[in-house]
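Below is one structure, written out as structure tokens; comments come after it.
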Amino acid sequence: MPQGVPPGGPKKKPWRKILYEKQAYPDNYTDHNIFLKDLKKNIDFHEVSFLEACLGANLVLQEFCTVVFFAVVYMYMVSRWIESWVLLYGMTFTGFVCFVFYRCIRLGKTPQEFTIDRKKHSLGHDVRTVLTFIAFGQLFSPVLHTLTDTISTDTIHTMAFLMFIVHLVFFDYGVPAAIVSKSVSLSAAIFASICLASRLASASEAFVLLALATQLFALSPILRNLFNHHPIITAILFLIDLHFLLLISSVGAVLFLSAVFLINLICPVLFVKYQKHKDNIYGPWDEAVVKDVDNIRF
Amino acid sequence: MNKQYSLEPECHKICMVSDFFFPNMGGVEEHIFNLSQCLLLKGHKVIVMTHSYEDRVGIRYMTNGLKVYYLPIKVFYNQCVLPTMICNIPLIRYILLREEIQIIHGHSAFSALAHEAMLIGNLLGLKTVFTDHSLFGFADASALITNKLLEMSLASCNHCICVSYIGKENTVLRGRVDCKRVSVIPNAVDTFSFTPDPTQRDQSQITIVVVSRLVYRKGVDLTAQVIGDICDKYKEVNFLIAGDGPKRWLLEEIRERRGLQDRVLLLGALEHSQVRNVLVKGHIFLNTSLTEAYCMAIVEAVSCGLKVVSTRVGGIPEVLPDDLITLTEPTVPSLLEGLDKTILELKRGQFVCPYACNKRTEKYYNWQDVSTRTQIVYNSVSKEEPKSLRKILHSQLGSGVWPYLLVISLAFLILQFYEFWVPRKEIDIARNYKCSKKTHVKEKWNI
């Protein structure tokens, strides 16, 4: 029996990490020179500086400002401080300028990348999409307008709030995480705007709000992606939001300011401060990763 | 365990608890059954406790009078019962007292029933041993939660058993157990049922055998790629694949696209008893697992006289000596290189004789040895002091999940209540099964 051999004998062979040979050590023996030798901690960990963390938080802040902008426009429309046709013209104009801008930037990009999906991104294709949207939007806006009409305003506001939270949580901030889902994020935002549209006076106003939602939540992320969500865009959105919020209610402005403060200052500070506690353990027990699962050569 | 233990037979009354048992089939089930059989032969009293499987409820007797309790508890998820911690106390307490159990041996970290029974056993002052059969990472959320649960459960466990040294490192890290309380006792293989038979081999061809469930964790993606490339390179190589699973389409696809229908044979799921008949037809065994605590399959293959080519993951490097296995990295180029080397060795006739493989496997891994080593663990825990409630609660403080103390206290109160409601002395003691053929079997096993 291995246990029968007195430990620490002079001729004792050193312990080896093998199962197939009976060794002169008890089963619960631990060789501290070998035990956990292959344990690795924090592989490819790179320390995030405060500036990097702030730039990261900027992505969230930008989307947050977009949502607040939408909410501000809704407030203006529901309180009749703005005529819907003014908004529509403004939106169309901005949309057109942004579109031209977008086309130009795309043309400036490498031609190879462009030719791959030329068909999908031809001008005719885009125009057709816009026409389809206008036609179907006009057709269905009376339906969408009355869809949630019978629900009380409090419920509508709570629902919109929750859906915008969902939108922010699932939004694609450019980080490959399991929770990211563009479709869930977009659906949540559109659902929230349909809820809000029912509080407006007429179907045409509902159409304007939905068109705005499409521009802000479906199209603007594509454009902002081209600029890598530059902080200047965030700054402009922030100033616009703050200006109009101050006109509506000072409480709202203060809440908005504190949210911005939380997102862009406190969260990065906490992240930078606590990243030293990161303690990921890796070792031979980890599941090996098959690198090219998706491109098997059949 | 520095003390020397006498080997004179010391009879324990052991209760194996796990959610996984016959009619379910797998590594854990096999382990419990074989270990119990060997312990029975050594004169211990062993019962098995598991949840019911469809109409299989109540008490059943298996080979050599192994008594199995199929408790009438509903399966909740993945063959496990709902871990309520308190609902099954009366039933489990009754069985433990009725069978006069001294040691509770739980199996598998996934088994909720095992953890429940171990808690009840601790509170009744019995000894608890736990065998961990699997490896776990630390990176994702599900692993974090399971590891915490394991830590809570193992805090008051007397001794742990792991199947490989990697498994021990993993359990010590996950469960924060003192490494002196963890023993390494590998699995074993019944080398009498996995005997080689070189006449079954096709001498003009080289047959590579794969036996595994066809799931991602077993590296089917690697297998598929390797099959395609090896078949292109060597015209004399055939593949024999046993097993089924969600990734089967991948192998079918590659067979279809490369026109290998006559060279790659997919046998589908097999009974465990049929595996040997497939293994003996091959020359080389290919294992592409991505994670593995011990890997029974490669030992079975070696026992049938095959040379193994396997990925170097988990506990696999510890299992076999270098001349019986070719280790590769878990990538396609490395596996191809390993197979090239092995095929060359085969052509040069450098393989170890199949019958020698069988003999050596028997020497390395047999259930007799496993049960003897487990017995040593039983002997040592039975000498430990029973834990008081105070001690159990105190050992839980380290895990940081303090609400669990309330669960333990509640379980303790329920047990106290039942002590009054169904007193110990009113519980009938079960009669022990007398095995008449014991002497005969003993002769066969040379005990």
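The chains referred to below are lettered A, B, ... by the order of the sequence lines, with proteins before strands, and numbering in each begins at 1.
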(request) Tell me whether the centres of the aromatic rings in A:His167 and A:Phe217 are closer together than 6.0 Å. (result)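 Yes, they do, as the ring centres are separated by less than 6.0 Å.
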(request) For B:Asn366 and B:Asp369, indicate whether the former's side chain and the latter's backbone hold a donor-acceptor pair under 3.5 Å. (result)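 Yes.
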(request) Report yes or no: does B:Tyr294 contribute a side-chain atom to a donor-acceptor pair with the main-chain N or O of B:Val163 at less than 3.5 Å? (result)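 No.
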Top contributor to chain A interface from [options] [non-hydrogen pairs under 4.5 Å]:
| options | result |
| --- | --- |
| B:Ile166, B:Thr291, B:Leu290 | B:Leu290 |
| B:Glu329, B:Glu318, B:Lys363, B:Arg360 | B:Glu318 |
| B:Thr311, B:Leu135, B:Asn170 | B:Asn170 |
| B:Pro186, B:Pro330, B:Cys162, B:Cys160 | B:Pro186 |
| B:Thr361, B:Thr331, B:Leu173, B:Val299 | B:Leu173 |
| B:Tyr364, B:Tyr165, B:Tyr365 | B:Tyr165 |

Select one option (side chain, backbone, both, neither) describing which atoms of [X] are under 4.5 Å from chain B's heavy atoms.
| X | result |
| --- | --- |
| A:Ile34 | backbone |
| A:Tyr282 | neither |
| A:Asp286 | both |

(request) Kindly state each residue pair satisfying side-chain hydrogen bond (donor to acceptor under 3.5 Å, both in side chains) with at least one member in residues 258-267 of chain A, sequence neighbours excluded. (result) none
(request) Below 4.5 Å from any heavy atom of chain A, which atoms of B:Val319 appear? Answer side chain, backbone, both or neither. (result) both
(request) Check whether B:Ile185 gets within reach of chain A through its side chain, its backbone, both or neither, counting any heavy atom under 4.5 Å. (result)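 For B:Ile185, the contact with chain A is made by the side chain alone.
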(message) Please identify, among A:Ile281, A:Asp38, A:Leu39, the residue contributing the most non-hydrogen atom pairs under 4.5 Å to chain B.
(response) A:Ile281
(request) Step by step, work out the ring-ring contact (aromatic ring centres under 6.0 Å, His included) result for A:His32 and A:Trp15. (result) CA-CA 11 Å; A:His32 287 281; A:Trp15 182 82; over 10 Å; no
(request) Run the salt-bridge test on B:Lys218 and B:Glu292 with the 4.0 Å N-O cut-off and return the result as yes or no. (result) yes
(request) Taking atom types as modelled, find out whether A:Asn28 and B:Ser183 have a side-chain donor-acceptor pair closer than 3.5 angstrom. (result) no
(request) Could you list the residues that satisfy side chain to side chain contact (heavy atoms under 4.5 Å, CB included) with A:Cys195, not counting sequence neighbours? (result)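 Here the qualifying residues are A:Ile156, A:Met159, A:Phe191.
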